[in-house]
Amino acid sequence: MKRVRAVEPWIEDPLVRFVTEAGARLTLIMTPAGQVLAQHGFTRAVDVMAAAALGAAIVSSTREIATTIGEGAFKALNHQGIHHGIFLAEMSTPRGPLLALVVYGSESSVGLVQLFYEDLVQELVAACPGEEPARPVIAADFERDLHKSLASLFGR
Amino acid sequence: MSLVNFTTREITCKIVYYGPGRSGKTTNLQYIYGCVPESRRGKMVSLATRTDRTLFFDFLPLELGSISGFTTRFQLYTVPGQVYYNATRKLVLQGADGVVFVADSQARQLDENLASLQNLQFNLLEQGVDVRTMPTVLQYNKQDLPADLILSPSALDAALNFRDDPSYPADALTGVGVFETLKSISELVLKKLSQESPA
């Protein structure tokens with residue numbers, strides 16, 4: 001099985017269980033702005049970011065449509081294709097709202113994903129440590145590294 | 001808001017290219033996409049209409065490399081510039097760490113530039129963000145057009161750059177000013193991050 005990678009360590013165990021039980025091929029846990037907190041099944045970080053951006057956009061735009069028609073919010077979205085299905089849902093945690101994007105194949109089903117998604121949400125809410133205090137991030141003299149990185153990006 | 005992972009020492013920042021319709025926001029991302037080696041960028045995602053006008057956003061993920069010991073990634077987004085797509089502009093603006101305002105240098109587009117700047121301020125305020133605290137860079141695009149059609153960078157500074165933000169003349173089609181703009185907004189975003197949590 002492909003490895004689960006979690007930016008926030010408390011997400012890892014619940015996500016491993018979910019992926020195993022639901023038979024998900026790809027899974028992303030992200031913020032509503034599309035920042036990835038944990039993923040399973042992707043190979044390149046930049047591909048994860050694109051999937052997260054699109055998933056967050058779908059949830060955001062659907063929420064706006066829901067608001068427009070007085071629905072409040074949709075609990076989850078599902079798109080079923082011939083070979084793959086995608087399941088998108090928003091959950092509330094002590095860290096604020098998070099989104100889950102799950103891609104499943106013929107070895108699973110939307111019912112199975114939904115069933116174990118409920119468990120995933122409960123486990124994440126229980127494991128979530130709440131807001132952490134601010135910590136030092138980057139040194140004030142980051143400019144040299146940044147200039148070097150950008151110059152190599154643009155071949156200068 | 002930047003996502004910082006202390007365990008794996010990773011930073012991900014979101015930069016939004018804002019501005020009126022046809023000012024060159026997508027062209028900036030296309031130029032960057034064309035310049036950057038494949039190993040350092042993801043696929044450029046464009047949600048556009050059949051006539052290639054941005055409908056929702058363009059998205060380009062970049063791997064900057066190691067900065068102060070953190071693997072740093074930037075997510076570049078554009079918003080749809082056309083006035084009636086404000087709902088989607090607001091969605092894309094959520095969680096932005098920095099804004100590049102791409103202005104159209106043509107004299108006849110000045111009102112559109114001003115309206116878009118006001119729209120940016122309004123949309124940020126609606127999300128509880130004071131535009132004065134948002135790292136912002138202005139780019140005066142299409143400076144390659146005949147001089148009688150465009151305003152000079154100093155005239156555009158006088159008309160648009162109320163907060164004395166960094167500004168760059170550009171011709172995004174050929175890449176003039178694109179790199180300088182990205183470099184400048186990257187510096188501002190990371191500087192804010194270092195000031196918020198001094199190491």
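Sequence lines set the chain letters: A, B, ... in the order given, protein chains first and strands last, and positions in each chain run from 1.
Note that CD of Gln80(A) is 4.0 Å distant from OH of Tyr104(A), once rounded to the nearest 0.5 Å.
Without hydrogens or angle criteria, Thr68(A) side chain to Glu64(A) main chain gives a donor-acceptor distance under 3.5 Å.
Among Met44(B), Glu63(B), Lys43(B), the residue with the largest count of heavy-atom pairs under 4.5 Å with chain A is Glu63(B). Among Phe56(B), Phe179(B), Phe57(B), Tyr77(B), the residue with the largest count of heavy-atom pairs under 4.5 Å with chain A is Phe179(B).
Residue Leu47(B) touches chain A through its side chain alone, counting heavy-atom pairs closer than 4.5 Å. Looking at Glu187(B), both its backbone and its side chain come within 4.5 Å of chain A, counting heavy atoms on both sides. Using a 4.5 Å cut-off between heavy atoms, Val45(B) contacts chain A through its side chain alone, with no backbone atom that close. Residue contact with chain A, scored on non-hydrogen atoms closer than 4.5 Å, involves the backbone and the side chain of Leu64(B) alike. For Thr88(B), no part sits under 4.5 Å from any heavy atom of chain A, backbone or side chain.
In this structure, Glu107(A) places its CD atom where more than 12 heavy-atom neighbours from other residues, nucleotides or ligands lie under 6.0 Å away. Residue-environment remark: CZ (Arg40(B)) exceeds the threshold of 12 foreign heavy atoms within 6.0 Å.
Shown here for Ala100(A) and Met91(A), the closest heavy-atom pair between the two residues is CB-CE, 4.0 Å. Between Cys128(A) and Thr93(A), the closest heavy-atom pair is SG-OG1, 4.2 Å.
Counting heavy atoms from C-beta on, the side chains of Leu193(B) and Asp97(B) never come closer than 4.5 Å. Between Tyr140(B) and Asn161(B), some side-chain heavy-atom pair lies under the 4.5 Å cut-off. Using a 4.5 Å heavy-atom threshold, the side chains of Pro166(B) and Leu188(B) count as touching.
Close approach to chain B, defined as a heavy atom under 4.5 Å from one of its heavy atoms, is seen in Met49(A), Ala50(A), Ala53(A), Leu54(A) of residues 47-55 of chain A, taken by number.
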